[in-house]
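Encoded as structure tokens, here's the structure I'll be asking about.
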Amino acid sequence: MHVSFDPWSPAFVADPYPAYAALRATGRAHYFEPTRQWLVPHYSDVSGLLRDRRLGRTYLHRFSHDEFGVSAPPAAHEPFHTLNGHGILDLEAPDHTRIRRLVAKAFTPRRVEALAPTVERLAAALVDDFVDAGGGDLLTAVAEPLPVAVIAEMLGVPEADRALLRPWSAAICGMFELNPPEETARAAVQASVEFSGYLRELIAARRADPGTDLISGLIAAHDDEDRLTEQEIISTCVLLLNAGHEATVNATANSWWMLFRHPEQLAALRADHSLLPTAVEELLRYDTPVPMFARWVLDDIEIDGTVIPRGAQVALLFASANRDPERFADAETLDLSRQDNPHISFGAGIHYCLGAPLARLELAASFGELLRRAPGMRLTAEPQWKPGYVIRGLRELQVEV
């Protein structure tokens, strides 16, 4: 590599975009020894490789660990890998195709549209409490509870049990960072065991007494004689919660921090709430909550004359691609009225985020309520970023109304 790239440094965590710009300026594929990955920073390459079936989220549908030249994970981590490995995020065809087809029925435009009153009711209640309290930590008071509550309602998780979900999800998601320490792995394994056990009991209850919730629907789901196994149902439920807990939570808090840093754009949004749909898309582009997604190279690929061999791993830099000036005019400018905005924050190809319509609905609902109920909301302390290269989020966001 010809540029300095240190994704674990505090300076990078606070503002990674100069480093991404340097990567784009010096090439289309860079080998990064600390993670043994090829970094891909350009929009055209990232977008194309997301759709390229020579790459995969896993290799186990074609190769064993030994055949692929990768060490098997430690046996002690098995509960986490069993849970994670049966969700569609880390599966390839044919299992991915089968499970996604069944799960997608819960996320059709009509089904998501039907959720709008529920999402708006939950957002309004959270914002009302937040305003009554005079403000506080926007992340824990509004950004975090909303997507978790929405998924919990969809799954049919009793309200009394919902406080269990966030700590489990946070512990599991700690394993998505590169080279997590053993302490993080132990916490993820313990959460995987406890969360799986809880869902097994809930599934048994729904088998005995089905309802209208998503778990009941997944139990009953069948298409051409395909059905979900119990493990696939458990992994799907956890994946839905984790996606909401991490990506949507961080998108909300990160976006408000960006708005506070761009007061002229915040003023324009406060003056014209009709900007909200394009504002949500632009905020997702401008500070991407999931900056990097990895793919395994299943068959040799070539990027600008560089051959990346089977068995390698590429790091698709979503955050860099979303600031690529070759695709976005004035890419470094936050423009809430931007019309031409094909950002890839939700991915692309067969792994395009299934919950993207729901995430957009949740973001619009919470932003809309805060704009209406707290038009003078302001920052009271500059936030700190959590360390993270794969997932980008704030520790807290203290505001007053």
- Does any pair with a residue in residues 84-129 pass ring pair (Phe, Tyr, Trp, His ring centres under 6.0 Å), and if so which ones, sequence neighbours excluded? H96-H351
- Results of side chain to side chain donor-acceptor pair (under 3.5 Å) for S47 - residues two or more places apart only: R51
- Can you tell if the side chain of T252 reaches within under 4.5 Å of the side chain of S255, non-hydrogen atoms only?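 No, every pair of side-chain atoms sits at 4.5 Å or beyond.
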- Message: R395: which residues meet the side chain to side chain donor-acceptor pair (under 3.5 Å) condition with it, sequence neighbours left out?
- Response: none
- If you measure only the distance, is there a donor-acceptor pair under 3.5 Å linking the side chains of T140 and E144? no
- Only counting residues at least two apart or in another chain, list the ones meeting ring-ring contact (aromatic ring centres under 6.0 Å, His included) with H42.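 None.
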- Could you verify whether a donor N or O on one side chain and an acceptor N or O on the other, from D66 and S64, lie under 3.5 Å apart?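 No, no side-chain donor-acceptor contact under 3.5 Å.
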- Looking at side-chain heavy atoms only, is the closest gap between I172 and S192 below 4.5 Å?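 Of all side-chain heavy-atom pairs linking S192 with I172, at least one is under 4.5 Å.
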- Message: For E396 and K386: C-alpha separation, side-chain torsions, deciding distance, then whether side chain to side chain contact (heavy atoms under 4.5 Å, CB included) applies.
- Response: CA-CA 9 Å; E396 62 179 10; K386 292 184 289 188; over 6 Å; no
- Item | Flag for Q231-S235: side-chain donor and acceptor within less than 3.5 Å | yes
- Is the closest side-chain heavy-atom distance between D45 and Y43 below 4.5 Å?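 Not in contact.
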- If the plane angle is over 60° it's perpendicular, under 30° parallel, otherwise tilted; pick one for F367 and W256.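 F367 and W256: parallel rings.
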- Message: Filter on ring pair (Phe, Tyr, Trp, His ring centres under 6.0 Å), then keep only pairs touching residues 126-153, sequence neighbours left out; what's left?
- Response: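 Counting only pairs at least two positions apart or across chains, no ring pair (Phe, Tyr, Trp, His ring centres under 6.0 Å) contact touches residues 126-153.
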- Query: Listed by chain and number, what are the side chain to side chain donor-acceptor pair (under 3.5 Å) partners of R207, not counting sequence neighbours?
  - Reply: none
- Task: Indicate yes or no for a side-chain donor-acceptor contact from Q313 to the backbone of G311 under 3.5 Å, with no hydrogens or angles considered.
- Result: no
- Query: Any ion pair linking R28 and E326 (charged N to carboxylate O, less than 4.0 Å)?
  - Reply: no
- Task: Return the set of residues passing side chain to side chain contact (heavy atoms under 4.5 Å, CB included) with S274 (not counting sequence neighbours), or none when no residue passes.
- Result: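 S274: side chain to side chain contact (heavy atoms under 4.5 Å, CB included) contacts with D272.
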- Considering residues at least two apart in sequence or located in another chain, which fulfil the side chain to side chain donor-acceptor pair (under 3.5 Å) criterion with N322? T288, S345
- Test item: R338 side-chain N/O and T333 main-chain N/O as donor-acceptor pair under 3.5 Å: yes
- Hey, could you give me each pair passing ring pair (Phe, Tyr, Trp, His ring centres under 6.0 Å) that has a residue in residues 143-162? Not counting sequence neighbours.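 The answer is none; no pair qualifies.
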- Partners of P158 by side chain to side chain contact (heavy atoms under 4.5 Å, CB included), sequence neighbours excluded?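 In terms of side chain to side chain contact (heavy atoms under 4.5 Å, CB included), with neighbours along the sequence ignored, P158 is linked to D161, Y198, L202.
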- Task: Apply side chain to side chain contact (heavy atoms under 4.5 Å, CB included) to the pair I308 and Q37, showing each step before the final yes or no.
- Result: CA-CA 10 Å; I308 301 179; Q37 291 176 318; over 6 Å; no
- Looking at side-chain heavy atoms only, is the closest gap between R57 and L89 below 4.5 Å?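 Yes, at least one pair of side-chain atoms sits under 4.5 Å.
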- Full working for side chain to side chain contact (heavy atoms under 4.5 Å, CB included) between I350 and L50: CA-CA 8 Å; I350 69 165; L50 284 170; over 6 Å; no
- Task: Mind jotting down which residue pairs meet the salt bridge (charged side-chain N to carboxylate O under 4.0 Å, His left out) criterion with at least one end in residues 127-143? Sequence neighbours excluded, please.
- Result: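 Every salt bridge (charged side-chain N to carboxylate O under 4.0 Å, His left out) pair that includes a residue of residues 127-143, provided the two are not neighbours, is D128-R373.
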- ring pair (Phe, Tyr, Trp, His ring centres under 6.0 Å): pairs with one or both residues in residues 296-324, sequence neighbours excluded: Y59-W296, F68-W296, F293-F318
- Are D324 and Y20 close enough that a side-chain donor and a side-chain acceptor fall under 3.5 Å?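 Not at all, the side chains of D324 and Y20 share no donor-acceptor pair under 3.5 Å.
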